[in-house]
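Residue numbers begin at 1 in each chain, while the letters A, B, ... track the order of the sequences. All values derive from a computational prediction rather than experimental measurement.
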Protein chains: 2
Amino acid sequence: MTPKTLNDTEQLNWLRLSRTEGVGPITFRQLLRRYGTCAQALKVLPELSSKGGRAKPLTPPSAQSIEKECAALKKRGGQFLFLGTPDYPAALAAIEDAPPVLAVLGHPHLLHQKIIGIVGARNASLNGRKMAESLARDLGQAGFTIASGLARGIDTAAHTNSLTSGTIAVVAGGVDVIYPEENRALYDKITEAGCIVSEQPMGLEPRAQLFPRRNRIISGLSLGVLVVEAAHKSGSLITARMALEQGREVFAVPGSPMDPRANGTNDLIRQGAILTECAQDILDNIGKGPQGLCEPHAFPLEPLLPPADEAQVEAGRLKILENLSTCPVPVDELVRSCQLSLPVVLTVLLELELAGRLDRQPGQQVALIG
Amino acid sequence: MTPKTLNDTEQLNWLRLSRTEGVGPITFRQLLRRYGTCAQALKVLPELSSKGGRAKPLTPPSAQSIEKECAALKKRGGQFLFLGTPDYPAALAAIEDAPPVLAVLGHPHLLHQKIIGIVGARNASLNGRKMAESLARDLGQAGFTIASGLARGIDTAAHTNSLTSGTIAVVAGGVDVIYPEENRALYDKITEAGCIVSEQPMGLEPRAQLFPRRNRIISGLSLGVLVVEAAHKSGSLITARMALEQGREVFAVPGSPMDPRANGTNDLIRQGAILTECAQDILDNIGKGPQGLCEPHAFPLEPLLPPADEAQVEAGRLKILENLSTCPVPVDELVRSCQLSLPVVLTVLLELELAGRLDRQPGQQVALIG
């Protein structure tokens with residue numbers, strides 16, 4: 001069960017399952033762990049969600065709609081990369097909530113280079129943009145590919161100055177949706193010389209809640225993330241936090257305390273990010289991170305579970321619910337306190353998750369949604 | 001031999017010895033350690049320097065010239081503070097090369113408050129001066145006295161905004177010499193409301209090599225030193241280094257890498273200084289330093305040595321010289337390798353020092369001057 005490639009049917013099912021409402025990247029992995037294949041998971045999905053308490057059972061998108069998306073991506077010269085296959089970027093595969101599938105336009109080989117994420121304020125200062133420009137250029141010359149988010153300000157400066165050396169734009173909506181509109185020309189150049197990446201379906205317009213999810217991909221692709229200008233509570237700080245959670249290095253450009261656009265980066269430095277004035281500060285500190293990021297990643301991470309006894313699932317459902325609350329508990333603790341088998345507990349958790357009643361949190365923890 | 005006060009004659013001798021050319025703060029202490037009193041040290045000084053190889057024996061300043069300086073200081077309402085007496089600031093007494101005597105104008109009680117040094121660029125930016133102003137004001141309100149160097153830029157901003165809460169100007173020349181001239185009005189205000197301090201004789205004009213020596217007094221008086229703007233290789237970084245050597249906390253205000261005036265402070269942060277955006281960053285981290293800084297400091301630090309046998313000194317001189325080079329060696333290692341008594345070795349080292357042939361270095365090390 002370590003698929004190296006997926007055949008057409010498997011790809012179709014993989015896309016259907018991962019595109020199902022309520023099936024996030026972690027749920028996707030749990031379903032595979034419990035049911036072995038996407039085909040089997042798709043089969044049990046409606047029933048599972050009903051048992052979890054969902055009024056209208058979950059329905060995956062039709063094979064037809066997925067085929068349509070595949071054709072649209074192919075027409076634009078794009079392709080899908082599936083988690084667990086050799087084409088999927090190894091650094092990204094290493095994160096807990098790696099996207100089951102990525103849509104890619106342009107040159108996917110860039111995803112296998114040594115990547116540094118550069119993020120920062122959309123309303124960047126002239127000096128901030130200059131910093132991003134020179135850092136992107138110098139890192140490019142040092143052999144790094146740059147990942148960023150195609151936003152105004154710092155992102156734009158970073159992409160523009162890494163077009164020839166290697167640039168990756170991770171977008172929050174569909175890979176074919178240009179946002180912001182003013183970056184249309186840049187988007188076209190990146191499609192030609194670089195790489196556009198998204199975990200979302202083609203055609204999807206970006207929404208506010210998609211940006212933090214996008215940010216985890218920028219950091220997940222990267223050995224380290226550089227934050228150039230960032231105010232308190234800005235999106236770039238979310239990317240930095242995710243980088244830390246993913247075990248990646250965080251770099252930050254300092255600035256005057258009088259400039260609100262430096263408050264976030266100064267805070268990061270106070271918390272241990274590496275103070276960065278030039279590319280050398282990054283080169284001196286990169287690649288000392290976790291080993292194995294550049295190794296192709298075996299999938300699934302978790303071994304396939306033995307089947308759960310249906311009678312035990314029926315009998316255990318209430319007990320598990322009683323042991324859950326809005327306060328997160330580790331799954332293994334839940335297994336111990338309920339005195340039920342792991343397959344039984346995971347099945348019930350999947351039911352609740354698919355019914356939209358359970359939230360997965362970092363560190364293998366789960367909580368009821370209040 | 002822990003003098004609490006000095007009588008007039010002792011003060012006179014103390015000033016004569018400390019004002020003798022070639023007798024630095026550490027040599028001063030070694031002379032007292034070896035000869036017990038300044039009177040005795042003054043007596044042997046010419047002979048010691050001759051034996052060390054000095055062509056023209058050292059001569060201390062005349063009692064008359066010292067009496068003249070005392071009168072001049074008294075006339076301006078000033079006073080001398082002698083190392084080892086209760087009036088001498090305890091934090092400064094704790095440093096290895098504490099000045100044997102300080103001349104003070106204004107309010108010496110400020111020297112016994114909790115002190116923060118604020119230093120930085122003379123050619124400070126408007127924003128840098130604003131930072132120094134608000135930090136000095138807020139630290140003053142939090143009960144701290146500010147020490148700085150009366151220079152243009154950051155120093156001026158720091159003094160101006162701590163006049164009412166407590167400000168100390170440590171000057172590189174004589175306590176009565178106003179430098180820079182443009183700060184005459186500020187100097188007058190500090191004399192009235194604050195405190196002016198110098199280890200140099202009255203009337204001495206500041207020279208380049210006196211500024212680093214002055215800087216060690218700013219940091220030596222302080223629990224911590226804040227650097228607001230500083231270019232690479234600037235004097236403020238010397239103050240920061242001295243603060244570290246003295247076991248004091250170092251704080252630095254970050255700035256954009258595009259601003260050369262922030263390169264020094266950013267470097268300090270990279271090396272472990274506490275990133276400082278506001279007074280709270282200092283308040284959160286001060287007073288966690290070495291204990292005892294606020295305890296009155298006993299003097300001399302080193303116990304009086306037994307007298308050295310003259311014959312052994314004569315016999316040992318060559319051996320000690322042979323064991324010395326321009327590469328520093330610890331004194332205790334020298335004692336061991338020469339197999340001579342400590343009083344003998346220290347006597348010969350004093351001879352060489354007073355002849356201008358020996359350099360004392362941090363960590364009780366000595367080296368021949370090349």
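Interface remark: of the candidates Pro254(A), Ser256(A), Cys278(A), Pro254(A) forms the most heavy-atom pairs closer than 4.5 Å to chain B. Chain A forms more heavy-atom pairs under 4.5 Å with one residue of Thr276(B), Asp267(B), Asn263(B) than with any other, namely Asn263(B).
With respect to the salt-bridge test (charged N to carboxylate O, under 4.0 angstrom), the residues Glu133(A) and Arg137(A) do not qualify. A salt bridge links Glu277(B) with Arg270(A): the closest approach of a Lys/Arg side-chain nitrogen to an acidic carboxylate oxygen falls below 4.0 angstrom. Using a 4.0 Å cut-off between charged side-chain N and carboxylate O, Glu229(B) and Arg129(B) make no salt bridge.
Interface residue Asp281(B): only side-chain heavy atoms are found under 4.5 Å from chain A. Neither the backbone nor the side chain of Thr265(A) comes within contact range of chain B, judged by heavy atoms closer than 4.5 Å.
Screening Ile154(B), Val227(B), Leu226(B) against Val253(B) for a side chain to side chain contact (heavy atoms under 4.5 Å, CB included) leaves a single residue, Leu226(B).
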